[in-house]
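When reading the values below, keep in mind they use all heavy atoms of this one structure, side chains included, and skip hydrogens, waters and symmetry mates.
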Amino acid sequence: MAQLNVKSRDHAVAFAAATLLCELLTQRLHTRQTELLSEALAWLALPFLVRAGQRGSRSEIAPPAAASTAVASGSGFGVTLFAAGIAAASFCNAENGTSRFYPAVVPILLAAQRYMQIDPVDAVRNSLGHASPVFTSLGAACVIAAVAVVDLLVWNLEKFIYAVVALVSISLAYMTLLPQRRRKSVIVSPVRIEENIEQVSRAVLFGVAVVLVIQTLLFGFTSGSFLRTLAVALFKCLTWFFAIQLTHETSWTVIPSIGVFTLMAGQSPFFQSSGFRPLLHILLSGLSLGQVISALPSRVKSRSSLWVFMLVTLIPYCANIFAIRRAENAVQHSFGGNREHPVDILMRGASAQFSGLLHRQSKSLEEAQTEYRRRYKIDPPPGFDGWYKFAVANHSPIIDEFDIIHKQIAPFLKLSGVELQRIMDATFVAEGSEIWSCQYNHKETRARCEHPHRTYDRHISYLFETVGKFAGAELPDVRFLVNHLDEPTVLLPSEKTTEVRVTNLSRQPTWGNITRECAAHQVENSHTKDERESYALPFIKDAATALDICRHPEYEHLHGLFISPVSFRLTEAMVPILSTGAPSTMGDILMPSPAYLEAEFVYDSDIEPDFYAKTNNLYWAGSTSGAFAHDDGWRSYHRQRFVQFAQNLGREQYYYLEEKDDTVERVPSSFLNGRLYDVAFTRIFQCITRQCREQRGFFPPGAWADKDAALKSQLVFDLDGNGISGRYYKLLASKSLPLKQTLIREWHDERLIPWLHYVPVSQSLEELPELVMYLTSTDSGQRKAKEMADKGRRWYKRAMRKEDMAVYVYRLMLELARLQDPKRQPQT
């Protein structure tokens, strides 16, 4: 390399600093929506900037050292290859974000450069001087790249393909810029980008235009903020300009190292779910910056000043640690001493409620029969004495709390048994109906189910056959209808009728239909109840009230079932249909979900650590089930809202409880401790192509998760999918504490006590940050969390077993048999 003068050396550091700064700003402003258009605008402006720079510096900067070694001034094929690589990489970035394999470009280029040089010594002498091998050796570069790739990688086939294509594309593009001194290695003449900037710019613009057309044809036109796009284009253009100037004094291999530094430095510590990853990002940032500094000429003493860029990653880390410590100190100070947290108050009330529940259960058949008549004003169904013996023999702790069955059965008592059977027949054959008709045979202990066009009954028959095979289960011969779909189906008419109407409301709003009768109830909104105890945060005090959608008109826009359900067949009829779950206004008769018996959702205690050996955070991983996204309304779906909230993607305003002037107040904050939340989508589906793509761009990708990964965290979140959540029982059976958000009633609601067996979470999620902070960051909160987890686990083993499901289903089938008795007359 030609001898450098002092001004040239200063230029090298200045250009390196400018490239780093512009690349950092590009990373900060860049979005997938701005990627392709900003790339095109950048290359449109770059020739003007390069030519202006040449005129201004022609007499000041020595001739490019790298360019002097080129075999030729560049070939058309080389320019085409460069442009194709830039365009392909830009397309992958637009669809998948910055390539997760990008750090591997550094060792790939170093290896390519060494191959293209006369010998390794000459390659090193090019610019590295006496730099540390930690920063300059190919082996060290491979290790740094491998660690960075493993940290960034998400195990998803689609993302893996995009990342590989982007890696190959950008590597080939950079290789065309490397000087080639070994003549036998010259396959494509190197591109001298500065001298051929107009030709290169036209080629890149053409390539980007082609992929932009392809993207538009596949996914529709993608629009982002125009001002943001212009800003990204400007900084991209400046990055390329300063990079070109920088390579007058060093090799093109330094540019990917700058990219890796900005990529790792841009990983915000506020959004990391562990304390280790931010430290790893600081280390990788430092090593990448060291590679950049070591690539500059060793005679440039001021190159060490570039270490100041480490503040880009150190300042956010320190700010994050300070915010975490402040939040922890605030909650510990506010609820130390004699002051109780709302969780403590609610747990005390739940304990008293549970004691009363157990105490009032009948102790004999006569007491159970008397209690039945007292509650429901009718005699128990035939076979009730056999059911009682079965419940006692199987040690059921619940004998009387089956109000949920009677509430669902009672409307059909207005019809005679014959009328009811006719309506069931009409419903089964109704156009658009998704109903199974099942016949249970007591002698064979077998349920035969048929459907107009389906063959797989989703284990419905297995559930009832499992119940019938329990010793002492004298189930009656009975016919029953079962909903095939996850979503509920029955809306009972307000007046007695034998008509059946089925309406397909799939992918349509359902709120107006299923809340039609709410106005008649004249219920009050329950938000203001006991605000003093919760300090104006919506801790759920009455689970039944929280589930009553008539009391909460705001739910219309907070749950996917009401906005755009995947499959929803509204059956308006006086017909008993069994479903696994339903909101408060619907008339489905609730049965245990067969999913709770499937191997995927069965708890395995052998793989679970003890509570205090678990990670002290809240865990959830899953898919975007819950609704179908055909427009931008997906942002309001319950699962999307939760993940956005827990990952702070919308820059939410959170609320915490803090002591001020000896009183505790609700305090707003933009801070959410990401260390306490391990939440991600592992699969995005149930959406049209464009909306799936938008969600993949909005939500940070989550890797595939083992089905038992939740059991490694102290707190586990559970929420509705298309219907009920099949993993709920596994979480209840575990040593972790379930936090449950739902608007769907299930058969077990009467026997599970919130704030004793699980923690209920409101639809607004407003209390969740304070709740998680208290349960994870204070000694008393962790003790309360373990106490609820232990009590829920013990109660699950007593009251949620297969035997307990059998007790419920047995009693339900007795009621269904009585309803269909052809001799039964309607009640007034």
For [Y] together with [X], are the ring centres under 6.0 Å from each other?
X	Y	answer
Trp240	Phe235	no
Tyr654	Phe645	yes
His559	Tyr555	no

Verify, without hydrogens or angle tests, whether [X] (side chain) and [Y] (backbone) share a donor-acceptor contact under 3.5 angstrom.
X	Y	answer
Thr313	Met310	no
Gln33	Ser225	no
Asn617	Tyr677	no
Ser169	Val165	yes
Arg100	Leu152	yes
Asn196	Arg192	yes
Gln272	Ser268	yes
Ser288	Ser285	no
Thr247	Ile244	yes

Exercise for the section: Answer yes or no on whether Arg635 is positioned over the face of Phe698, meaning its NZ or CZ is under 6.0 Å from the six-membered ring centre and within 45° of the axis. Expected result: yes
Problem - Row check, Tyr637 ring normal vs Arg639 NZ/CZ: under 6.0 Å, within 45° - result: no
Exercise for the section: Could you check Trp252 against Phe82 for ring-ring contact (aromatic ring centres under 6.0 Å, His included), going step by step and ending with a plain yes or no? Expected result: CA-CA 14 Å; Trp252 275 100; Phe82 173 82; 8.0 Å; no
Is there a donor-acceptor contact under 3.5 Å linking the side chains of [X] and [Y]?
X	Y	value
Gln54	Arg51	yes
Trp634	Gln640	no
Gln653	Ser669	no
His638	Gln763	no
Thr26	Lys236	no
Ser302	Ser305	no
Thr624	Gln686	no

Practice task
Evaluate whether atom CZ of Phe48 has more than 12 neighbouring non-hydrogen atoms of other residues, nucleotides or ligands under 6.0 angstrom away.
Solution key: no
For [X] and [Y], work out which heavy atoms get closest and say how close.
X	Y	result
Glu556	Ile563	O-CG1, 3.6 Å
Leu238	Cys22	CB-SG, 3.6 Å
Leu618	Val679	O-CG2, 4.3 Å

Handout entry: Residues Glu694, Arg690: salt bridge by 4.0 Å N-O rule
Key = yes
Completion exercise
The side-chain hydrogen bond (donor to acceptor under 3.5 Å, both in side chains) partners of Tyr656 (sequence neighbours excluded) come to none
Handout entry: Partner residues of His630 under the side-chain contact (heavy atoms from CB on, under 4.5 Å) criterion, sequence neighbours left out
Key = Arg507, Ser564, Phe628, Ile688
Taking the side chain as every heavy atom from C-beta outward, state whether [X] and [Y] have any atom pair closer than 4.5 Å.
X	Y	answer
Asn93	Glu39	no
Ile324	Arg675	yes
Leu217	Val213	yes
Gln691	Asp632	yes
His248	His11	no
Asp720	Ser625	no
Arg228	Ser38	no
Met264	Ile282	no

Handout entry: Residues Trp43, Phe206; criterion ring-ring contact (aromatic ring centres under 6.0 Å, His included); working and verdict
Key = CA-CA 10 Å; Trp43 282 95; Phe206 177 78; over 10 Å; no
Handout entry: Residue among Arg696, Arg693, Arg32 satisfying salt bridge (Lys or Arg N to Asp or Glu O under 4.0 Å) with Glu95
Key = Arg693
Exercise for the section: To the nearest 0.5 angstrom, please state how far the CD1 atom of Ile258 sits from the CG atom of Leu263. Expected result: 13.5 Å
Exercise for the section: Report the C-alpha separation of Phe717 and Phe642 in whole Å, then their side-chain angles, then the decisive distance to 0.1 Å, and conclude whether the ring-ring contact (aromatic ring centres under 6.0 Å, His included) test is met. Expected result: CA-CA 10 Å; Phe717 202 82; Phe642 167 64; 4.0 Å; yes
